[in-house]
Amino acid sequence: MGHKGRAVLAAAAAITVGLGLSACNDDSDGDAAAKESPAASVSAEAPASPEPAEESPAAGGDAAAGDVTAPGTKLKVGDRAVLPFEYTSEKKGTIAVTVTAIEKGAESDMVGAFGEKAKGMTPYYVKMKVENVGGTDLSYASLKLDGDLEGGAGTGVILIGDLPGKCDRETAPADFKTEGASFETCSLSATKTAPVVAASFDEGDAYEDEPVVWAAG
């Protein structure tokens with residue numbers, strides 16, 4: 001797992017403002033093994049300082065050639081990355097991720113979902129398509145990308161949950177176990193400072209310190 005975590009996006013700084021809260025979930029009767037239903041919550045931390053920029057490796061990840069995208073690769077929204085993925089010790093394989101959009105939402109949507117402590121937070125929706133490249137059983141797995149500020153800093157906001165109808169975090173369908181299977185999902189990010197301009201994948205030891213990054217624009 002990357003340093004920001006799969007189900008939580010967080011900066012590494014130790015200063016916590018402490019905005020923990022929860023909301024009801026209408027899917028409480030659903031199959032917990034088939035779909036994650038975390039209570040919506042939000043917390044803020046001081047954004048991590050960006051690391052010095054390094055020369056980007058060549059954009060890689062040609063699924064036909066069996067290659068994976070190199071750690072540290074810089075991509076644009078719309079580009080496809082092929083990545084090793086481990087959801088659990090039993091569910092792991094190779095996926096392809098295409099970030100299709102990074103969209104700015106409204107503060108009112110955050111307050112409506114997370115309550116008054118979300119005032120001043122602007123949500124961003126990282127929308128993506130996920131494909132099964134390796135053909136292993138990854139049914140019901142889920143993926144979360146982190147939202148980044150200019151220069152690679154984290155947003156400093158911890159989020160658990162989604163914004164129904166705006167940014168729904170979907171789990172892989174039951175048939176996501178064959179090569180070529182795909183689904184679409186969304187990662188919710190939020191900021192109290194600068195805008196979110198990129199999304200990053202930092203799961204696994206190889207990508208923890210050198211994430212694959214998709215930049216908007």
Side-chain angles (χ1 to χ4, degrees), residues 1-10 27 30-38 40 60-61 63 68-73 75-103 123-148 154-155 157-164 166-190 196 198-216:
M1 182 181 296
H3 66 288
K4 299 177 189 172
R6 175 179 290 114
V8 175
L9 74 88
D27 293 331
D31 184 351
K35 184 175 181 181
E36 294 183 352
S37 299
V68 296
T69 302
T73 298
L75 303 171
K76 296 290 187 182
V77 169
D79 289 343
R80 181 175 183 265
V82 177
L83 303 163
F85 178 71
E86 181 173 350
Y87 187 65
T88 67
S89 58
E90 290 79 29
K91 289 186 181 291
K92 52 187 174 182
T94 305
I95 60 173
V97 179
T98 304
V99 174
T100 56
I102 300 176
E103 298 177 354
Y124 284 82
Y125 313 141
V126 179
K127 298 184 177 181
M128 72 195 90
K129 177 181 178 181
V130 184
E131 304 168 62
N132 191 328
V133 174
T136 57
D137 184 357
L138 295 172
S139 54
Y140 307 119
S142 65
L143 173 70
K144 183 173 179 63
L145 299 183
D146 297 322
D148 295 334
T155 63
V157 177
I158 301 171
L159 293 173
I160 301 175
D162 54 15
L163 290 179
K166 302 287 186 177
C167 186
D168 295 296
R169 185 181 178 189
E170 304 290 350
T171 56
D175 60 357
F176 195 68
K177 57 180 69 174
T178 58
E179 183 178 349
S182 66
F183 70 102
E184 295 183 359
T185 185
C186 180
S187 289
L188 176 63
S189 184
V196 170
S200 60
F201 173 91
D202 64 355
E203 297 187 17
D205 293 341
Y207 297 89
E208 183 174 0
D209 296 321
E210 295 184 279
V212 172
V213 177
W214 291 262

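Looking at V97 and L145, their side chains come closer than 4.5 Å, going by heavy atoms from C-beta outward. The closest side-chain heavy-atom distance from F85 to L143 is below 4.5 Å. Using a 4.5 Å heavy-atom cutoff, the side chains of V130 and F176 are in contact. Between Y125 and L188, some side-chain heavy-atom pair lies under the 4.5 Å cut-off. Between P71 and E208 the shortest side-chain heavy-atom distance does not fall below 4.5 Å. Looking only at side-chain heavy atoms (C-beta outward), D168 and C186 stay at 4.5 Å or farther from each other. Using a 4.5 Å heavy-atom cutoff, the side chains of E131 and T98 are in contact.
For the pair T136 and G93, the tightest heavy-atom approach, listed with the atom from each and the gap, is OG1-CA, 3.5 Å. The minimum heavy-atom distance between P123 and L163, with the atom names listed, is CB-CD1, 4.1 Å. Looking at every heavy atom in both residues, T69 comes nearest to Y207 through O-OH, 2.6 Å. Of all the heavy atoms in G147 and S189, the pair that sits closest is CA-OG, 3.6 Å. Here the closest non-hydrogen pair linking D162 and P164 is O-CD, 3.5 Å. E170 approaches S142 most closely through the heavy-atom pair O-CB, 4.2 Å.
Here CG of L75 is found 11.5 Å from OG of S200. Values are rounded to the nearest 0.5 Å. Note that CZ of R80 is 14.0 Å distant from OG1 of T100, once rounded to the nearest 0.5 Å. Interatomic distance, E86 CD to K91 NZ, rounded to the nearest 0.5 Å: 12.5 Å. Taking CG of D205 as the reference point, atom CG of D202 lies at 11.5 Å (rounded to 0.5 Å). Note: L138 CG to I95 CD1 = 7.5 Å, rounded to the nearest 0.5 Å.
Between T185 and K144, the side chains place no donor N or O within less than 3.5 Å of an acceptor N or O (distance only, hydrogens not considered).
Here the options are E90, K177, K92, the test is side chain to side chain contact (heavy atoms under 4.5 Å, CB included), and the partner is D137; only K177 passes.
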